Asks: 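Below is the structure I would like to discuss, written out as structure tokens.
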Amino acid sequence: MAKNLLIVESPAKAKTIEKYLGEDFTVKSSIGHIRDLPEKGIGVDIENNFRPEYEISADKTKVVAELKKLAKKAETVWLATDEDREGEAIAWHLLQALEIDEKKTRRVVYHEITKPAILAAIAHPRTINKALVDAQQARRVLDRLVGYELSPVLWRKVKTGLSAGRVQSVAVRLIVDREREVTAFAFSPYFRVLGYFSAGAAKFRAELEKKLADETQARDLLNKLKGAVYTVTNKEKKPSRRTPSAPFTTSTLQQEASRKLGYSVSQTMRIAQSLYEKGYITYMRTDSVNLSQLALDGAKAEVLSLYGGKYAHTRTYKTKSASAQEAHEAIRPTNFTAKEIEGESNEKRLYDLIWKRTIASQMADAEIEKTVVTISQSASEEKFIATGEVTIFDGFLKVYTESDDETEENETEEGHLPAMEINQQVEANEIKAMQKFTLPPPRYTEASLVKKLEALGIGRPSTYAPTISTIQKRGYIVKESREGTERKYTVLNLKNNEVSTETKTEITGAEKSKLFPTDTGIVVNDFLKEHFGEIMDFNFTAHVEEEFDTIAEGKRTWTDMIAKFYAPFHKTVEKTSSVETKRASGERILGKDANGKKVSVRLGRFGPMVQLGESDAEDKPRYAKLTAGQHMETITLEQALDLFRLPRTLGNYEDKEMTVATGRFGPYVKHDGKFYSLPKQDDPYTVQAERAIEIIQEKQKREKEKVIQVFNREPEIQILNGRYGPYMTMNKVNYKVPKDKDPAKLTLEECLSIIEEADKSGKPKRKAFRPGNKKPKGE
DNA sequence: CAGTGAGCGAGCTTCCGCTTGACTT
């Protein structure tokens, strides 16, 4: 039995550290927090100075029991959790939950998992920093009070099951605000003028310095330029440098993996977790850009051996984020000589990105020479500018270029310019004036939302991905692609002394995998903003973080801070949930129908709906759901009235009535209690009985082909043809048909024994396949 | 999975941050 027990947070970390320490050490992990407030109830004794009612988390009872046993036997227990607010709290909870004598515990900290760092930590133990723990308790209790008092207000005043919190509600607000900016955006047109020139045999492009306001101005200029003479009047060479980006943090890794590899935030984290567990990279949840000395040396050696001394440049980076707690290193390869790794292609690609980014961060600047040539013309004062860029020394660009969120409108590709001298005349082959439109701010992607949250100091590396999935699960936002609309634009062209006009069309407003608010998200956001402005303020987290810091410095008692926050907050909660506050439904009156009945749209118990007529009127109002693609803020009176044209009755088929309507999954025909989706080309408002019968018959034919075998004696069991081949189903649970059996010839007895075997194996059954849970193959 | 939109009024829902686990006809 080892004399020493050292406890860290992550099992993978425990394995690594165990190798660094000798036989005298057993290294175990707590697997994160072990105690927390209870899930049910507020869990804070408000009357009793906000005393938290901690309990061992349900999924940690086993770990705690094991650690307790080991701690009892050990001579010394080393609490080696992270050196940040949460890590300090975990150490403190361990001390209490394991019931160890404080005298035989030591608190140790390190910022990197390297042998020298671990040994140095062991050599310099300290005690638990209670002030830091208190700052964590303040954070925890504040989040609980806000989340668990605000959410019930939403259940009463908006819709049951909703949630609100310090982080998620602001994340939703960002998306709602942005959506409104985009929809309110007024596109203003302007003209951009491009000249296509020749200098001797070489061709190049230059742009008019000034943008023109309208078509008249553009036409005037082009007419004036007929027969103009173009002369080079200035030429400047500007040397410039480019510096590599810092190594990855969680947030920057998520952004780059999204831009370069198209991964979602959670996908990136899943892959990174796997790379970390296999020992290929350092810890993936970090806000630090710091590299250990070991890493700096390793990267340098690799740059030297691959590219030579000219390319090596050791750099250290400082974090820009004020909220950073820097308990870990940046995300980097553990071994720089491994340029490639074994694994799935996703893993290889993400590793490659991490390797390149880290190596590039330790390489020389790129040296670039920019050339700017000014071309004047004889017809007016307006000048054309041509820019060229030549790389003198590629430096880190040999390995890595960071990509950019704003990739659109980068039409001025900068390249090599031909050699030109001042006073040289150049020839214009063509001058084009193209109509352009100003752009609204871009909608958020998952990754750009993370970037924004980090900049505001909201959320932590471990919560970015879960936060995004929470606000999706609550139905506040959706990630989707939307088709754009066509827009006409004008191009004027001056060629061979003639100006021609052309009208072209382009697609505008198309979005791919962007975040949009739902109607629920908008109503909840507006409600919270109206009543809880303080919490919805983008600076709320920053303010409370400042207070947590003063608690951590020992200058303030955590319960005082909470008390001061809670009193007015709770008062607002009471007032807002009382009967005096009206339910929030986001109701809009759209107008009146032909009979003068009121038409309105609002958020009902089951989602967005339109209402025709009033509830206190003689005849009851009619209701209809909004269909996919319709939104409460943008639906028109005409669109709303259209919704009441459904359901339509189409007549009978086999003595049963057919009706057509639109549901959650689009238009459908209903017949004899069954639903038949309308194909895209059919319009629910005009489709006729004949066509509906066709649709019903087609589906019935497909259903028939799906069935391989049924048994008269046991109608619950069916052998069916599915997406993944033949399978068996009983009482909505599915079973595999053994590969060596012919599904068409299985007997009922064989089926029953297969089902019995499968049930005995004890694996939990799923009623349906859940996508997104696929286990990576190859293991 | 394609209804419902209010009164009956049980019992439920919810936060953020630390960590990994699971398992598919």
Side-chain angles (χ1 to χ4, degrees), chain A residues 8-13 29-37 39-43 57 59-60 63 81-82 84-87 89-90 93 136 139-155 159-169 273 277 285 327 458-463 466-467 470 474 541 585 602-611 615 620-625 647 661-670 674-677 719-729 733-737 758 763-775:
Chain A
V8 297
E9 289 168 43
S10 150
K13 202 192 273 181
S29 61
S30 72
I31 323 183
H33 273 292
I34 53 152
R35 288 207 310 189
D36 193 12
L37 302 174
E39 253 177 75
K40 296 221 180 309
I42 199 96
S57 312
D59 53 339
K60 298 295 165 55
V63 198
T81 49
D82 294 347
D84 56 16
R85 205 159 63 202
E86 298 297 326
I90 294 175
H93 280 298
Q136 193 273 347
R139 200 279 304 155
R140 181 67 191 93
V141 168
L142 177 91
D143 283 337
R144 171 52 65 97
L145 293 174
V146 169
Y148 273 40
E149 292 216 350
L150 233 40
S151 301
V153 177
L154 296 180
W155 305 342
K159 209 162 71 165
T160 165
L162 296 177
S163 68
R166 173 177 59 83
V167 173
Q168 58 169 281
S169 297
Q273 174 89 30
E277 284 171 9
R285 290 185 276 263
I458 298 170
R460 303 279 314 134
S462 65
T463 60
T467 299
T470 300
R474 297 279 173 271
T541 291
S585 70
R602 68 185 158 97
L603 188 71
R605 280 204 293 153
F606 308 106
M609 59 185 257
V610 286
Q611 180 174 342
S615 51
K620 278 192 172 172
R622 287 182 67 197
Y623 303 99
K625 257 184 171 167
T662 294
R664 168 83 183 76
F665 303 100
Y668 63 91
V669 177
K670 192 175 168 188
K674 292 205 180 76
F675 296 91
Y676 304 88
S677 291
I719 303 176
L720 303 173
N721 230 335
R723 272 203 292 160
Y724 309 104
Y727 69 100
M728 221 159 43
T729 175
V733 182
N734 298 327
Y735 301 88
K736 216 184 283 190
V737 172
K763 282 180 193 160
K765 305 271 170 328
R766 299 221 178 262
K767 283 191 180 163
F769 176 73
R770 282 211 324 245
N773 268 351
K774 266 187 276 173
K775 176 178 170 77

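Given the structure is predicted, the values throughout are model-derived calculations rather than measurements. Proteins come first, then strands; the chains are lettered A, B, ... in the order of their sequence lines, and each starts at number 1. No hydrogens, no waters, no symmetry mates; every other heavy atom, side chains included, goes into these values.
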Asks: Measuring only between side-chain heavy atoms, which start at C-beta, is A:Ser30 closer than 4.5 Å to A:Ile90?
Replies: yes
Asks: Is any side-chain N of the basic residue among A:Asp36 and A:Lys60 closer than 4.0 Å to the acidic one's carboxylate O?
Replies: no
Asks: Can you tell me whether the base of B:dG17 sits syn or anti, using the 90° cut around 0 to define syn?
Replies: anti
Asks: For the pair made of NZ in A:Lys60 and P in B:dT19, what is the distance, rounded to whole Å?
Replies: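 In whole Å, B:dT19 P lies 10 Å from A:Lys60 NZ.
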Asks: Are A:Tyr676 and B:dC1 close enough that a side-chain N or O sits under 4.0 Å from OP1 or OP2?
Replies: no
Asks: With a 4.0 Å cut-off on heavy atoms, is A:Ser29 in touch with a base, just the backbone sugar-phosphate, or nothing at all?
Replies: nothing
Asks: What integer distance in Å separates A:Arg460:CZ from B:dG17:C1'?
Replies: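 These atoms are roughly 9 Å apart.
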Asks: Output the rounded distance in Å from NE2 (A:His33) to P (B:dC16).
Replies: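 My rounded result for the distance is 14 Å.
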Asks: Does A:Gly165 reach a base, just sugar-phosphate, or nothing at all? Heavy atoms under 4.0 Å.
Replies: sugar-phosphate
Asks: Restricting to non-hydrogen atoms, name the atom on A:Val146 and the atom on A:Arg166 that form the minimum distance, rounded to 0.1 Å.
Replies: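 Answer, listing the atom of A:Val146 first, then A:Arg166: CG1-N, 4.1 Å.
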Asks: Can you give one letter per nucleotide of nucleotides 4-12 of chain B, 5' to 3': B if a protein heavy atom sits under 4.0 Å from the base, S if only from the sugar-phosphate, - if neither?
Replies: BBB------
Asks: Applying a 4.0 Å non-hydrogen cut-off, can you work out what A:Pro11 is touching in the nucleic acid: base, sugar-phosphate, or nothing?
Replies: sugar-phosphate
Asks: What is the distance, to the nearest angstrom, from the CZ atom on A:Arg85 to the C1' atom on B:dC18?
Replies: 12 Å
Asks: A:Leu145 near the nucleic acid: base, sugar-phosphate alone, or nothing, with a heavy-atom cut-off under 4.0 Å?
Replies: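 Nothing, no heavy atom under 4.0 Å.
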Asks: Quick one: label A:Gly41 by what it contacts on the DNA or RNA (base, sugar-phosphate, nothing), any heavy atom closer than 4.0 Å.
Replies: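 Base, at least one base atom sits under 4.0 Å.
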Asks: Between A:Val167 and A:Asp59, which residue's closest nucleotide on DNA chain B lies nearer the 5′ terminus?
Replies: A:Val167
Asks: Looking only at side-chain N and O atoms, does A:Arg166 come under 4.0 Å of OP1 or OP2 in B:dG17?
Replies: yes
Asks: With the side chain of A:Arg139 defined as its heavy atoms from C-beta on, choose the nearest nucleotide among B:dC16, B:dT14, B:dC18.
Replies: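 Looking only at side-chain atoms, A:Arg139 lies closest to B:dC16.
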Asks: Any sub-3.5 Å donor-acceptor pair from A:Ser151's side-chain atoms to A:Ala164's backbone N or O?
Replies: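 Here the side-chain-to-backbone pair exists.
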Asks: Can you tell me if A:Tyr148 is stacked onto the base of B:dC15, using a 5.5 Å centroid cut-off and an angle below 30°?
Replies: no
Asks: Not counting sequence neighbours, which residues clear side chain to side chain donor-acceptor pair (under 3.5 Å) with A:Thr81? List them please.
Replies: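 With neighbours one apart ignored, the set is A:Arg107.
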Asks: Ignoring hydrogens and angles, answer whether the base of B:dC18 and the side-chain atoms of A:Arg285 contain a donor-acceptor pair closer than 3.5 Å.
Replies: no
Asks: On a heavy-atom basis, which atom in A:Glu39 and which in A:Tyr148 lie closest, and how many Å separate them?
Replies: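 It is O-OH, 2.8 Å.
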Asks: So, is A:Gln136 close to the B:dG17 phosphate, meaning a side-chain N or O under 4.0 Å from OP1 or OP2?
Replies: no
Asks: Any base atoms under 4.0 Å from A:Ser151, or only sugar-phosphate, or nothing? Heavy atoms, all strands.
Replies: base
Asks: What pairs with A:Glu86 under side chain to side chain donor-acceptor pair (under 3.5 Å), at least two apart in sequence or on another chain?
Replies: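 In terms of side chain to side chain donor-acceptor pair (under 3.5 Å), with neighbours along the sequence ignored, A:Glu86 is linked to A:His33, A:Gln136, A:Arg139.
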Asks: Touch check for A:Arg474, heavy atoms < 4.0 angstrom, all strands: base, sugar-phosphate only, or nothing?
Replies: sugar-phosphate
Asks: Please report the distance, rounded to the nearest Å, between CD1 in A:Ile31 and C1' in B:dC18.
Replies: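 Going from CD1 in A:Ile31 over to C1' in B:dC18 covers 11 Å.
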Asks: Rounded off to whole Å, could you give me the CZ-to-P distance for the A:Arg140 and B:dT14 pair?
Replies: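 Rounding to the nearest Å, CZ of A:Arg140 and P of B:dT14 are 14 Å apart.
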Asks: Which comes earlier along DNA chain B counting from the 5' end, the contact point of A:Ser462 or that of A:Gln168, where each point is its nearest nucleotide?
Replies: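 Result: A:Gln168.
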Asks: Is it true that, when you exclude A:Lys670 itself, more than 12 heavy atoms of the residues, nucleotides or ligands shown sit nearer than 6.0 Å to its NZ?
Replies: no
Asks: Give the stems involving DNA chain B, where a stem is 3 or more consecutive Watson-Crick or G-U wobble pairs (i with j, i+1 with j-1, and so on) under 3.5 Å.
Replies: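 Result, WC/G-U stems under 3.5 Å: none.
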Asks: Please identify each residue that fulfils side chain to side chain donor-acceptor pair (under 3.5 Å) with A:Arg602, with sequence neighbours left out.
Replies: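 Counting only residues at least two positions away or on another chain, A:Arg602 forms a side chain to side chain donor-acceptor pair (under 3.5 Å) with A:Gln611.
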Asks: Rounding to an integer number of Å, can you tell me how far A:His93 NE2 sits from B:dT19 P?
Replies: 15 Å
Asks: If the condition is side chain to side chain donor-acceptor pair (under 3.5 Å), which residues does A:Ser163 pass it with, not counting sequence neighbours?
Replies: A:Gln168, A:Arg474
Asks: What I'd like to find out is whether the side chain of A:Glu149 reaches to under 4.5 Å of the side chain of A:Ile42, using heavy atoms alone.
Replies: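 Side-chain contact under 4.5 Å: yes.
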Asks: So, is A:Thr463 close to the B:dG17 phosphate, meaning a side-chain N or O under 4.0 Å from OP1 or OP2?
Replies: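 Yes.
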Asks: Using a cut-off of 4.0 Å on non-hydrogen atoms, how would the nucleic acid contact of A:Ala164 be classed: base, sugar-phosphate, or nothing?
Replies: sugar-phosphate
Asks: Whole-Å distance between B:dC16 C1' and A:Ile42 CD1?
Replies: 14 Å
Asks: Donor-acceptor pair under 3.5 Å: do we get one between A:Arg144's side chain and the base of B:dC16?
Replies: no
